[in-house]
Protein chains: 2
Amino acid sequence: MGVRVVAALDQFDRKILALLQENARLTGSELAEKVGLSAAACLRRVQRLRETGVIERDIAIVDPRVFGKRMTVIVLLTLNSDRHDRYQLLRAELEKTPEITQCDHVTGAHDIVLRVQVADMEEYAAFVDRVLVRPYIKRYESLAVLGHIK
Amino acid sequence: MGVRVVAALDQFDRKILALLQENARLTGSELAEKVGLSAAACLRRVQRLRETGVIERDIAIVDPRVFGKRMTVIVLLTLNSDRHDRYQLLRAELEKTPEITQCDHVTGAHDIVLRVQVADMEEYAAFVDRVLVRPYIKRYESLAVLGHIK
DNA sequence: AATGAAATTAAGTAGCT
DNA sequence: AGCTACTTAATTTCATT
């Protein structure tokens, strides 16, 4: 789990990573032009970055609205402090719940922050009933996303 | 901005999208095998999904720790209601701030939710001073991420 | 209108200097 | 690292349904 080989990343690697994080479809020659190495050298580096796990994976970003999931809600969960034994169970369930696209355990006034993708309010209400209404969830606060700034 | 062509997505497109959201590096023949079409047909569909904006883009997921950004903080911002004219300005600034990896305008008890990626507490403190301490930000609540569940 | 098979073009990989 | 040859994948063409 530790991050080895980090010291081995030079400026070229960093530039390549920055570019691929924006657009993973850049070809070897496109990278070459932008970073000032040959195409082969760039691709060798990309290969190495993948093998060492620096690049974890490549994913397609799909407009959630095409699936009819036009509504995003950020949910702040507060757990019952006397039910912290249920944390692992809850965690496993949240991981499996398809509406949840992001989920972090946090410190502070809340315990868990969710990002939920649903079709509409009705579907969100159903999600709340199905997933959030449980004894070991003390409180949840829903923040509906009006617009994505970034 | 409207999402047209959604009705035009059949089961093959949906399957392809689901697969590429997990792994955008699947080749035509790998897709072919999984969805039951020829490689050419799959790639033609992928091309169309890109052209119509259903696939917005492909990105490389890079372990943030390799950049030394080992700390994630979710920040809940509350703006001064009498300074809502500054919203566009703030929005533009947040968009440019490199530490912010995600940023949404929300309803509810807060106005904006940020996801911030920094090296450590010191860097986070500097970020707060530089970005969050401004007259039109009334309050901010920092939730440090202890662990990623999803 | 969209498919599969085949041909073409482009990209990625590997070997050598 | 670069260059070049090789291999694999993506794209286009074309005949078919």
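Chain naming here is simple, since letters A, B, ... match the order of the sequence lines and numbering starts at 1 in each.
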### Message
For a quick check, with a 4.0 angstrom heavy-atom cut-off, what is the B/S/- contact string for nucleotides 5-17 of chain C, read 5' to 3'?
### Response
B-----SBBBB--

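What separates CG of L37(B) from P of dT17(D) is a distance of 18 Å, to the nearest Å. The CD atom of E30(B) sits 13 Å away from the C1' atom of dA10(D) (whole-angstrom rounding). As rounded to whole Å, 16 Å separates atom C1' of dG2(D) from atom CG of L31(A). Distance R45(B) CZ to dG4(C) C1': 13 Å, rounded to the nearest Å.
Identified under the salt bridge (charged side-chain N to carboxylate O under 4.0 Å, His left out) test for residues 31-41 of chain A, with sequence neighbours left out: none. Screening residues 70-80 of chain A for side-chain hydrogen bond (donor to acceptor under 3.5 Å, both in side chains), with sequence neighbours left out, gives T72(A)-Q117(A). Among residue pairs with one or both ends in residues 131-150 of chain B, none qualify as ring-ring contact (aromatic ring centres under 6.0 Å, His included); sequence neighbours excluded.
For R91(A), there are no salt bridge (Lys or Arg N to Asp or Glu O under 4.0 Å) partners at least two apart in sequence or on another chain. Taking the ring-ring contact (aromatic ring centres under 6.0 Å, His included) definition, one finds that Y87(A) meets it with H105(A), sequence neighbours left out. The salt bridge (Lys or Arg N to Asp or Glu O under 4.0 Å) test applied to E30(A) returns no partner, not counting sequence neighbours.
Applying the 4.5 Å side-chain rule to ILVMFWY residues, one finds L76(A), V106(A), V113(A), L143(A), V145(A), I74(B), L76(B), V106(B), V113(B), L143(B), V145(B) in the same cluster as I74(A).
No side-chain heavy atom of I137(B) sits less than 4.5 Å from a side-chain heavy atom of V133(B).
Where the helix from dA1(C)-dT17(D) to dT17(C)-dA1(D) starts and where it ends, the local axes point in directions that differ by 20°; five pairs per end, rounded to 10°.
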